[in-house]
Each structure stands twice: as structure tokens, then as C-alpha cells.
Amino acid sequence: MNAPAPRRRKRLLSVEAILDAALALVDETGRLTMGELATRLGSSASSIYHHLPGRDAILEALRDRMGQAIGAIPADQPWDTGLALWVRRYRDAFAAHPNLIPMLTGQTITDPTVLASYEQVTGMLLRGGFGEDEVVLWLSVVDNFTLGSALDLAAPDDVWSPSAPAGGESPTPRMDAAVRAAPRGRERADAAFELGLTALVAGMRAHLDAAADNG
């Protein structure tokens, strides 16, 4: 008599295991579907729902991980120093997972950790003299700059590659020279980020000065 086939043991799931697998899936494929996630986990979508209610909840939990990576900013810093520190941490956290950026920007922020981070930055800006009616506008500007800079780290080493016709002159000689004079790859992305951050903070200071002169 043949022995019964051994029963396949189901993999035990946890929230952390689900999030680890979800982040790996996003990093590798740029997608997050419940079916693919269940396959990666060797489980079923219904088992995942037992721990997290759906894709949006998984994405918000991954947003929480990004918020944890950014961390809190020391409260005793001037607004410009604190903002620059926050932006650098923010960029580094998302640069590690660029495929996550369009997914998170596609849904409303509800995660308490990330909202607390924005609350802290809001407080810094208000103490710095920015008007309550413009803080969210500045947060949007900072978001756009930081996430764009994070995506820039995933760009190829050669972002621009002008080509000249065979035996002819390049149609973009000034751009060609500028590209040759600039650093490449990570060095270029880091230099562009620091240049942009310096310009952003300087522009915000100038805005405060102009508002004070007009007030």
C-alpha cells in the first residue's frame, strides 16, 4: 500500500513578511498585484487579506517604512537647516526604491508616521515665518523636487547622448560640450541635488524677505 503523499505545509504569513515581499516585488518589477504577491509568498490572496485589507493598505504600510527611514528631525534647528536635513533623508529613503514613487504619489497619504513627519516640517516652516496659507504649497514644491531627485538616481549614467551625422557637425554643439564638462552617473545626480537644494532654500529665504519688506 502506497503511503499518502505528504501534505504541503503552508508558509506562515506576517505583516512584515508580506511587506518584505511586496517591496521586493515593486523593486524588481515596478508592479504590485495581489496575485503576484501571493505567488511570491507561496500563499493565497485571501491569506494576505487576513493581515492587510488590500493593495492600498500594503502601499500605506510601505509608505510607513519610508517614513521610518526618514525619521524625526531635531526640533531645535532653524527651519532651513531642518528642512535641508529632512529633504536629504527623504531623497535617500525613496532613492532606494524608485519604483515605489509613482505608486505612493498615486494615493492619498494616510499613514500616521508620514503625516507626523509632515506635521513636524509644517511646524518648522510656520516658526520660520511662512504663512499658514502657503505651507502646503511649499510642501508640494519640496515633494516635487525631492522625489524627482530620487528618481534621478535611477537614471542611466549618460542621460543625454547627442549624436552627430556621420562626417558632419553635431546639431547640438553647445549641449555636447556641456555634457562633456559635467560629471556622470551618481556624481552628477548628487551634484544636481545639492545645487537644487541650495537654490530651493535660498529661494524660500528670499520669499520670506520679500514678504517682510511688503508687510
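Only heavy atoms go into these numbers, but all of them, side chains included; no hydrogens, no water, no symmetry mates.
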Steps toward side-chain contact (heavy atoms from CB on, under 4.5 Å) verdict (Leu126, Val135): CA-CA 8 Å; Leu126 290 173; Val135 166; 3.7 Å; yes

If every non-hydrogen atom of [X] is compared with every non-hydrogen atom of [Y], which pair is closest and at what distance?
X      : Y      : result
Pro98  : Leu151 : O-CD2, 3.8 Å
Arg55  : Leu32  : NE-O, 2.6 Å
Thr108 : Arg63  : O-NH2, 3.9 Å
Arg40  : Ala24  : NH1-CB, 3.8 Å
Ala93  : Ala69  : CB-CB, 4.0 Å
Leu13  : Ser47  : CD1-CB, 3.7 Å

query: Which side chain to side chain donor-acceptor pair (under 3.5 Å) pairs, counting each pair once, include a residue from residues 185-202, with sequence neighbours left out?
result: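 Output for this query lists Arg88-Glu194, Arg91-Asp190, Asp152-Arg188, Arg186-Asp190.
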
*Of all pairs that satisfy side chain to side chain donor-acceptor pair (under 3.5 Å), the ones with a partner from residues 119-139, not counting sequence neighbours*: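 Sorted pair list: Glu134-His207.
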
What residues, two or more places apart in sequence or in another chain, satisfy side-chain hydrogen bond (donor to acceptor under 3.5 Å, both in side chains) together with [X]?
X      : result
Thr81  : none
Ser46  : Ser44
Thr113 : Asp64

Please report the interatomic distance [atom1]([X]) to [atom2]([Y]), rounded to the nearest 0.5 Å.
X      : Y      : atom1 : atom2 : result
Ser43  : His50  : OG    : NE2   : 11.0 Å
Phe94  : Leu147 : CZ    : CG    : 6.0 Å
Asn144 : Leu139 : CG    : CG    : 11.0 Å
Leu195 : Leu200 : CG    : CG    : 11.5 Å
Asp92  : Phe193 : CG    : CZ    : 7.0 Å
Leu85  : Gln77  : CG    : CD    : 5.5 Å

message: Using the rule given for side-chain contact (heavy atoms from CB on, under 4.5 Å), can you reason through Leu37 versus Ile58, listing the C-alpha separation, both sets of side-chain angles and the distance that settles it, and then say yes or no?
response: CA-CA 11 Å; Leu37 180 57; Ile58 291 172; 3.7 Å; yes

For Val26 and His97, what are the C-alpha separation, side-chain angles and deciding distance, and is it a side-chain contact (heavy atoms from CB on, under 4.5 Å)?
CA-CA 8 Å; Val26 171; His97 307 284; over 6 Å; no

Would you mind listing the cluster partners of Trp160? Hydrophobic ones only (ILVMFWY), side-chain contacts under 4.5 Å, chaining allowed.
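Once heavy-atom contacts under 4.5 Å are chained together, Trp160 belongs with Val159, Met175, Val179.
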
[X] and [Y]: same hydrophobic cluster, using ILVMFWY side-chain contacts below 4.5 Å?
X      : Y      : value
Leu153 : Val142 : no
Tyr49  : Val15  : yes
Leu137 : Val87  : no

Next item on the list: Could I get the full list of salt bridge (charged side-chain N to carboxylate O under 4.0 Å, His left out) partners for Asp76, not counting sequence neighbours?
Entry: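 Applying salt bridge (charged side-chain N to carboxylate O under 4.0 Å, His left out) to Asp76 gives none.
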
Arg31: partners by salt bridge (charged side-chain N to carboxylate O under 4.0 Å, His left out), with sequence neighbours left out: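 If we apply the salt bridge (charged side-chain N to carboxylate O under 4.0 Å, His left out) test to Arg31, skipping adjacent residues, the hits are Glu36.
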
side-chain contact (heavy atoms from CB on, under 4.5 Å) between Val201 and Leu197, intermediate numbers included: CA-CA 6 Å; Val201 173; Leu197 180 56; 4.1 Å; yes

(message) Filter on ring pair (Phe, Tyr, Trp, His ring centres under 6.0 Å), then keep only pairs touching residues 102-122, sequence neighbours left out; what's left?
(response)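 Matches after skipping sequence neighbours: Trp86-Tyr118.
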
Tell me which pairs pass salt bridge (Lys or Arg N to Asp or Glu O under 4.0 Å) where either residue lies in residues 198-207, with sequence neighbours left out.
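Counting only pairs at least two positions apart or across chains, the salt bridge (Lys or Arg N to Asp or Glu O under 4.0 Å) contacts touching residues 198-207 are Asp80-Arg205.
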
Donor-acceptor pairs are to be reported for all side-chain atoms of residues 100-107 against protein atoms at under 3.5 Å, with residues two or more places apart or in another chain.
unit_1: Thr105; atom_1: OG1; unit_2: Ile101; atom_2: O; d: 3.0
unit_1: Thr105; atom_1: OG1; unit_2: Pro102; atom_2: O; d: 3.2
unit_1: Gln107; atom_1: NE2; unit_2: Asp56; atom_2: O; d: 3.2
unit_1: Gln107; atom_1: NE2; unit_2: Glu60; atom_2: OE2; d: 3.0

Item to complete: Would you please name every residue forming a ring-ring contact (aromatic ring centres under 6.0 Å, His included) with Trp79, sequence neighbours left out?
Response: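 So Trp79 forms a ring-ring contact (aromatic ring centres under 6.0 Å, His included) with Phe130.
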
Check: Taking 4.0 angstrom as the limit, do Asp20 and Arg65 come out as a salt bridge?
Finding: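 Arg65 and Asp20: salt-bridged.
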
For the side chain of Asp111 and the backbone of Val114, is there at least one donor-acceptor N/O pair under 3.5 Å apart?
->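 Yes, the answer is positive, given that a donor and an acceptor are paired below the 3.5 Å cut-off.
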
